[in-house]
Engineer: 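Below you'll find the structure I mean.
Just so we're on the same page: letters track the sequence lines, and every chain starts at 1. The basis for the numbers below is simple: all heavy atoms, side chains too, and nothing from hydrogens, waters or symmetry mates.
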Amino acid sequence: MALDDRSKTRDFKVIGTRPVRPDGIDKVTGRAKFGADATAPGMLTGRVLRSPHPHARIRRIDASKAEALPGVKAVVTRADFGEVPEDVFDILDNCMAGEKALYDGHAVAAVAASSPAVAKRAAKLIEVEYEPLPHVTDVDEAMKPEAPALHEGRTEETVPEGMSPNVISRVQFGHGDIEAGLAQADRVVERTYRTAATHQGYIEPHACLASMGPDGQADLWCCTQGHYLVRNTCAAILGMEQGQLRVTASEIGGGFGGKTTVFLEPVALALSRKAGRPVKMVMSRSEVLRASGPTASSSVDVRIGMTKDGRITAGFAELRYQGGAYPGSPVDMGSMSAFAPYDLENVRTVGWDIVTNRPKQAAYRAPGAPMAAFAVESAIDELAKGFGLDPLEVRLKNGADEGTKASYGPTYPAIGLMATLEAAKSHPHWSAPLGKGQGRGVACGFWFNFGGDTCVSLNITPDGTVTVSEGNPDIGGSRASMTMMAAEELGIPYDQVRTIIADTGSLGQNEVTDGSRVTFAVGLATIEAARNAKREMCRRAAMVWGIDEEAVVWEDGAARPSGPNAGEHPPMTLAEIAAIASNTGGPIAGHYEVNAEGAGVSFATHMVDVEVDRDTGATKILRYTVFQDAGKAVHPSYVEGQFQGGAVQGIGWALNEEYIYGDDGVLQNPGFLDYRVPVASDLPMIDTVILEIPNPGHPYGVRGVGETSIVPPLAAIANAVSEAAGVRMTDLPMSPPRILAAIENG
Amino acid sequence: MRYEAPTTVDAAVEFLASQSGDCHMLAGGTDLLVKLRSEMIEPDAILDIKRIEGMKDITAENGGWRIGAAVSGAEMNEHEALCAAWPGVVEAVGLIGSTQIQGRATLAGNLCNGSPAADSVPAMLAADAIVRIAGPGGVRDVPVGEIPEGPGKTSLKANEFIASIFLPERPARSSDAYLRFIPRTEMDIAVVGCGVSLQLDESGKVARARVALGAVGPKVTLVPEAATAIEGSTLDDAAQAALTAACTSAASPIDDKRGTIAFRKHVAGVLGRRAAKIAFERAGGAA
Amino acid sequence: MSQIHVTTSINGDQTEFLCEPDETLLDVLRDRLGLTGSKEGCGTGDCGACSVTVDGRVVCSCLMLGAEAEGHDIGTIEGMAEGDKLHPLQEKFLQEAALQCGICTPGILVAAKALLEHNPAPTEEETRYWLAGNLCRCTGYDKIIRAVMDTAEDMRRAS
């Protein structure tokens, strides 16, 4: 789908305004129904029993005492699931352990009972005999040949022989000659950078309500980023036909990638199947942290060479990511994105996917990219400052632009990196004075943005209002964006359109809400569905007027005769055409189904000022500005919100958030008390500058904006802290003890 | 499990005496309900003291202030005279948790919980607070330092509860301060806490000081060497340095998820110095 | 376990309920009274999504027993609007897009309303510290803080 010719100069009527979102009233009055807010007649409470061991063979499970407890209606273990297709085996094994428990918190059994209190007592009565095994939670330790092995036979052909079975795969990207490039450099920085695992930290714990009847038909209500994926995955795990399982997405209380898979849903369905009653399951916060998917921790070696005038002669990075107990860390995307903002002659990245005794990672906002950007952007900053060069100028000198061959392969069309750098350079923040003990950092970030399978149905009601049905849960205002795009395209007021999220029975397949794809891909499908509806409305008008369809155009919400042979007819509005639809051929709707391509890549530059207390190692964020290309900002408030939210998640990752495992392999901070997400008093306002370099692949030029904003902050803050503290920080989080130790060690 | 909410101290004592199982006291509940939820405790009974007469009162007494065991942090911080008399104790209580926690959490609960990192305890210890305990034999008063015995442990007997805490009369030219270190600006447990209470003589020198540290040992402790380090001084650089060294030296913390030994020892010194300066200025001292 | 009979006022309506002795006020509101606007994000008082007022003071309903509500006035998000008239904070949150997913929004609105009743002219710092116990993971707090302060200004002008 190409950018409309006129979109560059087009005078949008709805796009770019800031209307109230359609689900707004429900969300400020407590009426909105989230995952845990559903009930059903005869509903039971489900509860999971979890492994206290980081690695243990499950010798035996005896549920007889639990089953004998009055009020207990079903107990399930892995034995209640049959053989499953290979592509969902790990997902099932993560939802319910098979031969081994692979991490602290791994589900080993579940119970459904008449009340939460009975379920709690019953779970304690399930006897599990474990044989504890040695464990490993650190990524570099797990790679050592002598490390305890989680799996055997999972290593892919890309991995050289002799490595630990925990090393699952190796990827490589790049072009040119690294050693030749480094030889041209006046200085080479070579360092290792580490980041801790962090959690998406959505405030709403996972929750679902499952109901399966003896006829095999089932309904599932859950908070998810993709109910079609939930349907397909659960159907495969439970041996059902996809059409027999209808999944309805509740309102979703945050996801950030963490709700793009299943945890409770197959278990709740299995319990419901066994008990013959609806089963509701809700995770506690501790379960969310122990057993849902955080992101990978990483260890990254970087070598970058630069000439004294700031030209990067070569860039190399070797990335090691652990993605928990199963293959699939986002090291591939980290390796692809590490040098994506730069136009380099010699560039290479090598990535290793490692398993450890931690929960299976799930996507977290631009999965894999922030850690890679942290390493590369830190090294570039160190080189620039070492030569006394302006770090923005160095980035402008090496930055990617239209026609650049990206480090991961493709050649870029029109992109916005340079625009963000220029905007940063001319912003008052860049020239504002800094005080004693303060530092300023900048960094760039990149994200691919996704498209994918998308289905939209746009219906014209008899009274001339419009309903849009789409299949992607609204995680931060996307219903408003779809409503706006439909209204823009149809030439009618925003209030005349209502967008809903349809269940899996009502539309075809839809890819999950991921990859910043929704405003781009669902938006594109909404626009095309509206165009199809417009064509049909023009046809109806032509029929009424007795002229050729080709002689009717749609303008300002009405069909109008156009061209030499159209004749004189007063325009027919959408409402007028809708009113007579029954007499002109029946109901009118526009549909669009596509595997959307052309999601424009996205770039951002972040700028941050910090102050470091040299006596305690505490960092205060003083000022923060985000410069990002949105292609075209549909609803600027929600674009700003994505920029701000991503930046603040990045601040948490940079300063205080981390999964802390003890020597016993048990997670020590499974709560919001010690898993420290930023609170309101930690932060300044987050200023935003929206750049609009139209995406050639979308009719209005829209690019995804959700993920790029978490990519630069880790490095931007590290660069600022390093300047303020006078010492280069290479390990995240830069918690006060770590900064103080770095200052003391010089 | 039973829930009881008696209206008199006698009824509460009688109920406690009648309990053979595990009975927990409920005032603000901000620690108790977390323990219930995480199944750290499974009590047979909960005794809610909030309906007992006097438990929600802040009362002037002999020039000092008596604070009922169910008075919340927010209520203390809204009491102007109490804030003026014991700013350090009040600010310490005010640091416990969020606005929501402040609506419920109490000074007595913070003490009973037995956490070495309890924010109000170093401040109370520096303030020489006296704890009134109700039990089968009536009430008894003990210095606050005698209550904590180790992580989660106190000297209270199973049939006793704290009825009130007394902050003594504030002498002339004296004040107090409390500081803690946390990684964020709010919502964390103290990694180190330090309470300082001091009195100046007529020449503006520190006549008497009490310095207490939290979160750097199994229980909150007084650091007499830190007090000695500043007594007789105008908190000049040398005195501050001696105080810093005394606090660092007295700290015997552990490495855990909240901080390292080296970090805590260092920060104990930093906070001791900073809190002393605040208390000194509040008392009218001039450097 | 015998249940406790509690008489209380919720959003101005006299309400009676039975609850277990160890049942939290949050569970009573959500599971017994159908008031699911108060959310459980943590169950330990660390996120503020369950914020309600008790006699006008904002507390975490996950850290209070249902039995303790006896004789008190409880205020929840469901009682914030008066009929079809939204509270000025609710209006402002909509106008200024001060929510993304909306799960923290009820707790933040309840806490922010208590702030403005307590302090009609809060500074940015006061607003940030008052709301520090209400975690929001989507917005970075920027638009929330602005919306609360803008509402305070509107309400001061109107009074």
Engineer: Are any of the side-chain heavy atoms of Val677(A) and Leu135(C) separated by less than 4.5 Å?
Structural biologist: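 Yes, side chains in contact.
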Engineer: Please indicate whether Glu124(C) has more than 12 foreign heavy atoms, meaning atoms of other residues, nucleotides or ligands, lying under 6.0 Å from its CD.
Structural biologist: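 Yes, enclosed.
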Engineer: Do any N or O atoms from the side chain of Asp142(C) and from the backbone of Ile686(A) form a donor-acceptor pair under 3.5 angstrom?
Structural biologist: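 Side chain of Asp142(C) to backbone of Ile686(A): a pair is present.
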Engineer: Output yes when a side-chain donor or acceptor of Tyr129(C) lies under 3.5 Å from a complementary backbone atom of Ala680(A), and no otherwise.
Structural biologist: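 Flag not set: sc Tyr129(C) to bb Ala680(A) has no pair under 3.5 Å.
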Engineer: Can you find a pair of side-chain heavy atoms, one from Ile145(C) and one from Met685(A), that are under 4.5 Å apart?
Structural biologist: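 With C-beta onward as the side chain, the pair touches.
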Engineer: Looking at Thr44(C), Leu99(C), Leu131(C), which one has more heavy-atom pairs under 4.5 Å with chain A than the rest?
Structural biologist: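 So the answer, after comparing Thr44(C), Leu99(C), Leu131(C), is Leu99(C).
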Engineer: Go through the atoms of Ile203(A) and report whether side chain, backbone, both or neither lie under 4.5 Å from a heavy atom of chain C.
Structural biologist: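 Both backbone and side chain of Ile203(A) come within 4.5 Å of chain C.
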Engineer: Is the shortest side-chain N to carboxylate O distance from Arg285(A) to Glu40(C) below 4.0 Å?
Structural biologist: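 No salt bridge links Arg285(A) with Glu40(C).
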Engineer: With only heavy atoms counted, which part of Tyr624(A) is less than 4.5 Å from chain C, the side chain, the backbone, both or neither?
Structural biologist: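 Looking at Tyr624(A), nothing touches chain C.
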Engineer: Answer with side chain, backbone, both or neither: which region of Gln200(A) has an atom nearer than 4.5 Å to a non-hydrogen atom of chain C?
Structural biologist: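 Only the backbone of Gln200(A) comes within 4.5 Å of chain C.
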Engineer: Quick check on Ile252(A) against chain C: is it the side chain, the backbone, both or neither that has a heavy atom closer than 4.5 Å?
Structural biologist: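 The backbone, not the side chain.
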Engineer: With a 4.0 Å cut-off on N to O distance, would you call Asp37(A) and Lys39(C) a salt bridge?
Structural biologist: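 Here Asp37(A) pairs with Lys39(C) in a salt bridge, since their nearest N and O are under 4.0 Å apart.
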Engineer: Does any backbone or side-chain atom of Pro684(A) lie under 4.5 Å from a heavy atom of chain C? Answer side chain, backbone, both or neither.
Structural biologist: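 Interface part for Pro684(A): backbone (N, CA, C, O).
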Engineer: What part of Ala32(A) is in contact with chain C, defined as an atom under 4.5 angstrom from a non-hydrogen atom: side chain, backbone, both or neither?
Structural biologist: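 Interface part for Ala32(A): backbone (N, CA, C, O).
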